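Worksheet: one structure, shown below.
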Amino acid sequence: QVQLVESGGGLVQPGGSLRLSCAASGTIGSVNSMGWYRQAPGKERELVARIIRGGTINYADFVKGRFTISRDNAKNTVYLQMNTLKPEDTAVYYCNLKRLLDNFWGQGTQVTVSS
């Protein structure tokens, strides 16, 4: 099994920045992708950014130019640097790790953008 532990959420003013971290542990094996999703109240969970095996990175259109995903393979950790945050970025952010046959989620970390 794989455990994902997120950290770094919180309250920030519009225009501010936050950095989320997600550390994977357990029997990780071969990873197809690792990344971040978010879910706002009353909305479906949506992809924010992910790193696919081989290094390809996908970003949702609504974060391009503002968010950057990166990873530290030695620490089995993925990061999401979020800049120029907007109120509409308010959501619970979830870390996700996909393997060939299964899929794991972190517990989620709340990001609130408000003045």
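Model, not experiment: these values are computed from the prediction.
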Subject >> Non-hydrogen atoms of M82 and V111 that approach each other most closely >> reply: CE-CG2, 3.9 Å
Original post:
At what distance, to the nearest 0.5 angstrom, does CD of Q3 lie from OG1 of T27?
Top reply: 8.0 Å
Original post:
For the residue pair R99 and L97, what are the closest heavy atoms and their distance?
Top reply: CG-CD2, 3.7 Å
Original post:
Shortest non-hydrogen contact from S30 to R53?
Top reply: OG-NH2, 3.1 Å
Original post:
Side chains of V2 and D102: closer than 4.5 Å at any heavy-atom pair?
Top reply: no
Original post:
Looking at D89 and K86, does any basic side-chain N land under 4.0 Å from a carboxylate oxygen?
Top reply: no
Subject >> Distance, nearest 0.5 Å, that separates CD of Q39 from CD of E46 >> reply: 9.0 Å
Original post:
For I69, does its backbone N or O pair with a side-chain atom of Y59 as donor and acceptor, under 3.5 Å?
Top reply: yes
**OP:** Is it possible for you to say whether W36 and V92 belong to one hydrophobic cluster, with membership spreading through side-chain heavy-atom contacts below 4.5 Å?
**Re:** no
Original post:
Out of curiosity, does Y94 fall in the hydrophobic cluster containing L85 (side-chain heavy atoms, cut-off under 4.5 Å, transitive links)?
Top reply: no
Original post:
Between S21 and Y79, which heavy-atom pair has the shortest distance, and what is it?
Top reply: OG-CD2, 3.3 Å
**OP:** Supply the atom-to-atom distance N83 CG to R19 CZ, rounded to the nearest 0.5 angstrom.
**Re:** 11.0 Å
Subject >> Backbone of F104 reached by a side-chain donor or acceptor of N96 within 3.5 Å >> reply: yes
**OP:** Mind listing the closest non-hydrogen atom pair of M34 and V78 along with its distance?
**Re:** CE-CG1, 3.7 Å
Original post:
In terms of ring plane angle, is the pair Y93 and F67 parallel, tilted or perpendicular, where the classes change at 30° and 60°?
Top reply: tilted
Subject >> Partner of L80 by side-chain contact (heavy atoms from CB on, under 4.5 Å), out of T109, L18, L20 >> reply: L20
Original post:
If every non-hydrogen atom of S115 is compared with every non-hydrogen atom of P14, which pair is closest and at what distance?
Top reply: N-CD, 3.7 Å
Subject >> Rounded distance [0.5 Å steps], CD1 in I51 versus CG in N32 >> reply: 14.0 Å
**OP:** Hey, could you give me the CZ/SG distance between R50 and C95, rounded to the nearest 0.5 Å?
**Re:** 13.5 Å
Original post:
When clusters are formed by joining ILVMFWY residues with side-chain heavy atoms under 4.5 Å apart, either directly or through shared neighbours, do F62 and V113 land in the same one?
Top reply: yes
Subject >> Other residues, nucleotides, ligands: >12 heavy atoms within 6.0 Å of E88 CD >> reply: yes
**OP:** Please examine the side chains of L11 and S114, heavy atoms only from C-beta on, and report whether any two atoms are closer than 4.5 Å.
**Re:** yes
**OP:** Could you tell me whether the side chain of Q110 reaches within less than 4.5 Å of the side chain of T90, counting heavy atoms only?
**Re:** yes
Original post:
How long is the gap from OG on S17 to CZ on R66, to the nearest 0.5 Å?
Top reply: 10.5 Å
**OP:** Applying side chain to side chain contact (heavy atoms under 4.5 Å, CB included), name anything that partners Q107, two or more places apart in sequence or on another chain.
**Re:** E6
